[in-house]
**Q** 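Dropping a structure here in structure tokens format, bear with me for questions.
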Amino acid sequence: MGAHIETEDPGGTDGTGGPDGSGASRAARRDEAVRAAVEQGLLGPDRPLVGLLDVVGIRESAAELRAAFEAVTAPGTPVLHAFAVKAAPLVPVLRLLREEGVGAEVASPGELALARAAGVPAGMTVLDSPAKTPAELREALDLGIAVNADNPQELDRIDGLMRTRPSRSPLGIRVNPQVGGGAIEALSTATATSKFGVALRDEGAREWVVRAYLDRPWLTRLHTHTGSQGVPLSLMARGVAEAYALAEEINRRAGRRQVDTLDIGGGLPVNFASDATTPTYAQYARMLAGEVPGLFDGRYGLVTEFGRSLLAKHGTVVARVEYAKTSGGRAVAVTHAGVQVATRTVYAPGSWPLRIAAYDAKGRVKDGPVVVQDVAGPACFAGDLLAQGRSMPLLEQGDYAAALDTGAYYFAHHYGYNSLVRPGVYGFWPGGRFALVRRAQTVEEVVAESGGAQAEGLTGSP
């Protein structure tokens with residue numbers, strides 16, 4: 001049976017209703033999609049791995065984000081929600097979010113190219129990166145893209161460019177409020193020694209930032225980002241409060257409203273323990289309104305840069321169980337999803353555990369006695385495990401294991417271990433409808449990327 005693949009986005013929610021806190025509607029859509037993917041041949045013996053994206057769920061998350069900030073912001077306040085492209089660098093995803101009023105936060109020439117390919121306007125694009133080259137800065141300024149300078153040396157570069165090619169780009173400085181870290185050190189960007197931004201508590205740094213604004217009337221934005229997964233909302237709010245206080249100081253000393261926009265970053269954590277969406281954008285926005293009320297009184301425009309929280313709950317990696325075996329009395333399901341799609345989970349399982357759902361060979365939710373088992377990937381090292389010692393219905397040969405909440409930072413960030421090919425990615429709607437987001441990589445493409453055309457490059461004469 002051929003797959004029902006849409007060539008255009010049907011739009012709407014197909015009568016599924018709005019979001020629910022428990023995630024029951026989302027789980028039902030996911031189960032239907034896995035079954036339909038098997039029935040339509042998107043999954044099978046020759047297609048053992050696929051990524052699925054819930055289009056209805058993505059639209060709902062975008063709507064929740066907009067509504068959360070609209071509820072606490074003075075009418076008429078300019079607000080830009082810019083999706084952190086690194087979370088899901090897929091052009092159709094960026095186009096979908098653009099339709100929902102969400103722009104793009106980019107951190108490399110590649111991410112900027114993806115945003116432009118998706119039709120994201122320059123006025124809805126923000127460039128953040130700790131290592132912008134002169135060419136990147138020139139391109140951004142020529143296009144009118146907002147830029148946040150990470151450090152004094154970068155600001156010197158922008159000075160030179162502004163003297164020779166004045167730009168309409170909104171420009172600002174990223175500051176590190178140094179308020180501390182969360183549970184995952186690698187994702188805590190406001191620690192004392194973070195590589196990002198100007199460290200405000202370092203000797204002389206705060207005064208340098210203030211002077212930088214007073215000397216440059218074209219600096220009109222201020223940016224901060226406290227962290228991501230593992231960072232509590234209270235710490236995120238403290239970082240925003242520090243940036244707000246600095247903006248107030250700059251404007252007071254300038255005698256005018258020079259800083260007119262605060263970019264508060266993103267970083268809302270995701271609950272990976274269940275289908276429930278928690279914390280919510282509404283909770284965070286209300287907390288910010290309570291902690292930093294002046295942020296929402298209409299004097300400042302706002303920019304947010306959420307990524308993982310918009311996409312994670314709406315993606316599923318589904319892998320066929322190629323073999324089922326036992327080792328030391330432990331059941332082991334050997335699947336086609338491992339380190340190549342779930343790199344963080346495999347290398348740091350304590351910080352990035354994933355829920356695994358069991359489906360039978362027809363894509364139906366599997367039930368039966370719960371068995372303690374490992375879910376292994378295809379890579380040739382012992383630690384390639386999606387889950388270890390997990391209690392769930394026994395996975396058997398031909399069944400499917402689904403890694404849940406993987407819509408961000410998973411199948412869009414392929415890791416080329418063992419030259420395993422990138423899986424195909426499909427968006428889905430209720431009713432068993434699919435649209436191709438990214439086709440599966442071929443082994444021929446792997447060879448080409450690995451120097452296939454240069455096979456004689458090291459053996460011939462230079």
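The first residue of the sequence shown is numbered 1, and numbering continues consecutively from there. A quick note: this is a predicted structure, and the numbers were derived from the prediction, not measured.
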**Q** Taking NZ, NE, NH1 and NH2 as the nitrogens, is one of them in Arg26 or Glu60 under 4.0 Å from a carboxylate oxygen of the other?
**A** no
**Q** Are Val346 and Tyr417 packed together at the side-chain level, in the sense that at least one heavy-atom pair is separated by less than 4.5 angstrom?
**A** no
**Q** Hey, are Glu105 and Lys86 close enough for a salt bridge, meaning a charged N less than 4.0 Å from a carboxylate O?
**A** yes
**Q** Would Arg344 count as a cation-pi partner of Tyr409, with NZ or CZ less than 6.0 Å from the six-membered ring centre and within 45° of the ring normal?
**A** yes
**Q** Got a donor-acceptor contact below 3.5 angstrom from the Arg47 side chain to the Gly424 backbone?
**A** no
**Q** Show the nearest heavy-atom pair for residues Ile356 and Ala401, with the distance to one decimal.
**A** CG2-CB, 4.1 Å
**Q** Run the side chain to side chain donor-acceptor pair (under 3.5 Å) test on Ser108 and Glu111 for me, step by step, so that the C-alpha distance in whole Å, both residues' side-chain angles and the decisive distance to 0.1 Å come before the verdict.
**A** CA-CA 5 Å; Ser108 72; Glu111 289 185 356; 4.5 Å; no
**Q** Please round to the nearest 0.5 Å and tell me the distance separating atom OG1 of Thr335 and atom CG of Leu49.
**A** 8.0 Å
**Q** Could you check whether any side-chain N or O of Glu445 sits under 3.5 Å from a backbone N or O of Thr442, counting only pairs where one atom can act as donor and the other as acceptor?
**A** yes
**Q** Is there any side-chain hydrogen bond (donor to acceptor under 3.5 Å, both in side chains) pair reaching into residues 371-395, and which pairs are they, with sequence neighbours excluded?
**A** Arg330-Asp374
**Q** Just wondering, more than 12 heavy atoms not from Tyr323 lying within 6.0 Å of its OH?
**A** no
**Q** Inspect the contact between Glu99 and Arg59 and indicate whether a charged nitrogen and a carboxylate oxygen are less than 4.0 angstrom apart.
**A** yes
**Q** Could you go through the side chain to side chain contact (heavy atoms under 4.5 Å, CB included) check for Val375 and Met392 one step at a time?
**A** CA-CA 10 Å; Val375 181; Met392 56 191 299; 4.3 Å; yes
**Q** Run the side-chain contact (heavy atoms from CB on, under 4.5 Å) test against Ala376 and tell me which residues pass, sequence neighbours left out.
**A** Val332, Leu385
**Q** Is it true that, when you exclude Arg116 itself, more than 12 heavy atoms of the residues, nucleotides or ligands shown sit nearer than 6.0 Å to its CZ?
**A** no
**Q** Give a yes or no answer on whether the side chain of Asp202 reaches the backbone of Ala205 with a donor-acceptor pair at less than 3.5 Å.
**A** no
**Q** May I ask you to say whether Glu154 pairs ionically with Arg174, meaning some side-chain N is under 4.0 Å from a carboxylate O?
**A** no
**Q** Any non-hydrogen side-chain atom of Val106 less than 4.5 Å from a side-chain atom of Phe83?
**A** no
**Q** Once you round to the nearest 0.5 Å, how far does NZ of Lys362 lie from CG of Asp399?
**A** 12.5 Å
**Q** Between Gln340 (side chain) and His336 (backbone), is there a donor-acceptor pair under 3.5 Å?
**A** yes
**Q** Test His413 against Thr343 for side chain to side chain donor-acceptor pair (under 3.5 Å), laying out the working first.
**A** CA-CA 9 Å; His413 291 73; Thr343 313; over 6 Å; no
**Q** Is the shortest side-chain heavy-atom distance between Leu222 and Thr261 below 4.5 Å?
**A** no
**Q** When you measure from the side chain of Arg98 to the backbone of Ala115, do you find a donor-acceptor pair of N or O atoms at a distance under 3.5 Å?
**A** no
**Q** Would you say Glu322's side chain and Ala333's backbone share a donor-acceptor pair under 3.5 angstrom?
**A** no
**Q** Evaluate the side-chain proximity of Thr73 to Val79: yes if any heavy-atom separation is below 4.5 Å, no if none is.
**A** yes
**Q** Provide the closest heavy-atom pair for Leu354 versus Ala403 in the form atom of the first, atom of the second, distance.
**A** CD1-CB, 4.0 Å
**Q** Inspect the contact between Lys313 and Asp405 and indicate whether a charged nitrogen and a carboxylate oxygen are less than 4.0 angstrom apart.
**A** yes
**Q** Say whether, by atom type as modelled, one donor and one acceptor occur between the side chain of Ser61 and the main chain of Ile58 under 3.5 angstrom.
**A** no
**Q** How far does OH of Tyr400 sit from OG1 of Thr316, to the nearest 0.5 angstrom?
**A** 15.0 Å
**Q** Supply the atom-to-atom distance Ser351 OG to Phe272 CZ, rounded to the nearest 0.5 angstrom.
**A** 11.5 Å
**Q** What is the distance from atom CZ of Arg422 to atom CZ of Phe411, rounded to the nearest 0.5 Å?
**A** 14.0 Å
**Q** Can we say Asp360 and Lys366 salt-bridge, meaning some charged N sits less than 4.0 Å from an Asp/Glu carboxylate O?
**A** no
**Q** Would you call Arg355 and Asp275 a salt bridge, using N to O less than 4.0 angstrom?
**A** yes
**Q** Please check if the side chain of Glu291 supplies one atom and the backbone of Arg238 the other of a donor-acceptor pair under 3.5 Å.
**A** no
**Q** Short question: side chain of Thr133, backbone of Glu136 - any donor-acceptor pair under 3.5 Å?
**A** yes
**Q** Quick one: closest heavy-atom pair of Ala62 and Val102, and the distance?
**A** CB-CG2, 4.2 Å
**Q** Are the side chains of Phe434 and Leu52 in touch, meaning some heavy atoms are under 4.5 Å apart?
**A** yes
**Q** Does Glu100 pair with Arg95 as a salt bridge, N-O distance under 4.0 Å?
**A** no
**Q** Which of these passes ring-ring contact (aromatic ring centres under 6.0 Å, His included) with His81: Phe306, Phe69, Tyr281?
**A** Phe69
**Q** What is the distance from atom OG1 of Thr224 to atom CD1 of Ile173, rounded to the nearest 0.5 Å?
**A** 12.5 Å
**Q** If I compare all heavy atoms of Ala118 with all of Leu94, which pair ends up nearest, and what's the gap?
**A** CB-CB, 3.5 Å
**Q** Considering all heavy atoms of both residues, which atom of Met236 and which atom of Gly266 are nearest to each other, and what is their separation?
**A** CE-O, 3.4 Å
**Q** Are the side chain of Asn418 and the backbone N or O of Cys380 linked by a donor-acceptor pair below 3.5 Å?
**A** yes
